[in-house]
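In what follows, a structure is listed as structure tokens, so that the remarks can point back to it.
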There are 2 protein chains.
Amino acid sequence: MPRAPRPTEKLLEVARSGSKMGRRQQFSTATKRALVDVAEEHFAGQGYAATSLDSIVAGAQVTKGALYHHFHGKQALFEAVFERVEQEACGRITEALRTREDPWDAAMDGLRAFLTVVQDPTYQRVVIQDGPAVLGYERFREQERRSTFALMQDIVRATLDSSTYDLDGAMVETFSRIFYGALSAAGESVTSADDPVLAVARIEVAVGLILDGLRVLSDQGVTPRVPST
Amino acid sequence: MPRAPRPTEKLLEVARSGSKMGRRQQFSTATKRALVDVAEEHFAGQGYAATSLDSIVAGAQVTKGALYHHFHGKQALFEAVFERVEQEACGRITEALRTREDPWDAAMDGLRAFLTVVQDPTYQRVVIQDGPAVLGYERFREQERRSTFALMQDIVRATLDSSTYDLDGAMVETFSRIFYGALSAAGESVTSADDPVLAVARIEVAVGLILDGLRVLSDQGVTPRVPST
DNA sequence: GGGAGTACATACCGTTGGTACGTACTCACA
DNA sequence: TGTGAGTACGTACCAACGGTATGTACTCCC
């Protein structure tokens, strides 16, 4: 079985950035990256189920041997794509988070960034739509917990800590879950809205009202009965 | 191609309840029902992707010919299961909703029922985990909109109408989306909690606090600027 | 410079969703 | 009462896809 020649120039060109690697490893990481790139494109475009490995390896100009050398299977490849998409989302939110001083204002900024991320078609398809089904609940939760959800938890913790509420970690997590779910659902609805800008404005009003309510209660010195074991 | 005899007693026994049908139709609906029953069991137990049509038809003691006579394919069968699960969930929530008088109290009751439903493993797997990926976003949203989400919208509308807020339909929908997402996420987190009862209690405290905040703002006569076109 | 391990390519397999086609049965209508 | 049309399946088969087994060229280190 003779081996077919492959085009090398482009691969090398891409690979030559990370300098301290042998040519071998440079090629390797280049093909791996190409696979993830093409996979992300296909997974985001047509979804996980409708994407065949054949189309991916064809797009990356490699064979299934290469794919299965780098990944355990289709799911592992998806997971790599998933992680990258999540990571980029985290980066965007984190960036938008470093401006305001007042925690409640910063929270609103973070929420806005979160809303923007959730509207990204790739994020929607890969993370929200296919993520839970493909990774399974456990892995999905785990991935979520150490990326965007972690950010949400930071935001919530910062705002709640500035209030008079005396909430333990579990309650912070509960509040984070609630806001995380709320903004995910709200953000997704923006995509199918007739006027996305208006939809975002409405969401900001609603969330702002909720936050204001919590702040007023805090100013009144209200302290919820936190259940414990 | 001779035809293998099939057991008839059980089918007839099941089918004989809806009286005004020919024997033919009784058998037909019985097999269809059997298919959906077995499909629900498998889809809920192992998920959509891991369930083969062969295992379903074997469980229902029919063949693929029968399946494809009643459904267009695997997805259509899943949709039938999905609808049934959603419908039962709606029934449960609706039932729990007819007790209190004060809209804010009724909301908390509906919330509790919603939390219970979302914890049901079948509901989780079929509706939340596999639903979006299998049906696709459009169909999923459509199904959602006329079932559990519709209920949520009723609850939200009832409570907001009793407040001083002057919110149009779009804002009601926005609030509904927010609470729907919040409770979905919160409810799902209950399942993986160490102490589910405690987790539910925490969620009720958190949501209660949010609702209280909104009520206090309403009592203060606060009216949000509702964006319009 | 040669042996070991890497980074793939090629060929093949089992399963699965879906289809084509055949047949037994029922029921309206003559 | 029988007969033709339509229903409700059963059987056999196919194409596509995920995954595997195996072979080979290339690199790198001793």
Side-chain angles (χ1 to χ4, degrees), chain A residues 1-8 11-12 14-15 20-36 38-39 42-43 46-79 130 134, chain B residues 1-8 10-12 14-15 20-36 38-39 42-43 46-79 130 133-134:
Chain A
M1 297 175 231
R3 188 173 157 184
R6 289 194 302 108
T8 60
L11 287 176
L12 257 184
V14 172
K20 197 61 178 181
M21 275 194 297
R23 295 191 351 139
R24 201 81 193 295
Q25 278 192 35
Q26 286 183 7
F27 273 99
S28 181
T29 56
T31 51
K32 186 169 183 176
R33 191 202 160 97
L35 279 168
V36 177
V38 177
H42 283 89
F43 286 152
Q46 333 164 19
Y48 179 81
T51 301
S52 74
L53 292 184
D54 285 335
S55 74
I56 292 178
V57 297
Q61 290 186 306
V62 294
T63 62
K64 292 217 284 198
L67 196 160
Y68 275 89
H69 174 71
H70 288 288
F71 302 96
H72 286 156
K74 193 183 183 183
Q75 184 174 333
L77 178 57
F78 177 85
E79 201 158 343
D130 285 339
V134 175
Chain B
M1 296 175 230
R3 188 175 157 186
R6 286 194 303 109
T8 58
K10 274 191 291 186
L11 287 176
L12 257 183
V14 173
K20 199 61 179 180
M21 275 195 297
R23 295 191 353 138
R24 202 81 192 292
Q25 279 193 38
Q26 287 183 7
F27 273 97
S28 181
T29 56
T31 50
K32 186 168 183 178
R33 191 200 161 98
L35 279 169
V36 177
V38 177
H42 283 90
F43 285 151
Q46 334 165 18
Y48 179 81
T51 300
S52 74
L53 292 184
D54 285 336
S55 74
I56 291 178
V57 297
Q61 290 186 304
V62 293
T63 61
K64 293 219 284 198
L67 197 160
Y68 276 89
H69 173 71
H70 287 289
F71 302 95
H72 286 154
K74 193 182 183 185
Q75 185 174 332
L77 179 56
F78 177 86
E79 201 160 341
D130 286 338
V134 175

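None of these values were measured; they are calculated from a predicted model. Letters A, B, ... are given to chains in the order of the sequence lines, protein chains preceding strands, and every chain is numbered from 1.
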Could you list the donor-acceptor pairs under 3.5 angstrom formed by side chains in residues 62-73 of chain B, with sequence neighbours left out?
unit_1 : atom_1 : unit_2 : atom_2 : d
B:H70  : NE2    : B:T31  : OG1    : 3.4

Fill in: Nearest-neighbour nucleotide for the A:H69 side chain, C:dT10, D:dC9, C:dT6 considered
C:dT6
Polar pairs (N or O, both sides) under 3.5 Å between protein and nucleotides 3-5 of chain C?
unit_1 : atom_1 : unit_2 : atom_2 : d
C:dG5  : N2     : A:R24  : NH1    : 3.4

Worksheet item: Quick one: is A:H70 getting a side-chain N or O under 4.0 Å of the C:dA7 phosphate, OP1 or OP2?
Response: no
Worksheet item: For residues 46-67 of chain A, which residue pairs qualify under ring pair (Phe, Tyr, Trp, His ring centres under 6.0 Å), counting only residues two or more places apart or in two chains?
Response: A:F43-A:Y48, A:Y48-A:F78
Worksheet item: Below 3.5 Å, does any donor atom in the side chain of B:K64 face an acceptor in the base of D:dG10, or the other way round?
Response: no
Practice prompt. Residues of residues 50-58 of chain A with any non-hydrogen atom less than 4.0 angstrom from an atom of DNA chain D: list those, numerically ordered, please.
Written response: A:T51, A:S52, A:L53
Discussion item. So, does A:S28 get its side chain near the phosphate of C:dC8, meaning an N or O under 4.0 Å from OP1 or OP2?
Written reply: yes
Worksheet, complete the sentence: Contacts of A:A58 meeting side-chain contact (heavy atoms from CB on, under 4.5 Å) (sequence neighbours excluded), chain-then-number -> none
Fill in: Earlier contact from the 5' end, DNA chain D, for A:Y48 and A:G65
A:Y48
Item to complete: Name the closest nucleotide to the B:A66 side chain, picking from C:dA9, D:dG18, D:dG10.
Response: D:dG10
Practice prompt. Tell me, please, which residues at least two apart from B:V38 pass side-chain contact (heavy atoms from CB on, under 4.5 Å).
Written response: B:H42, B:I56, B:A60
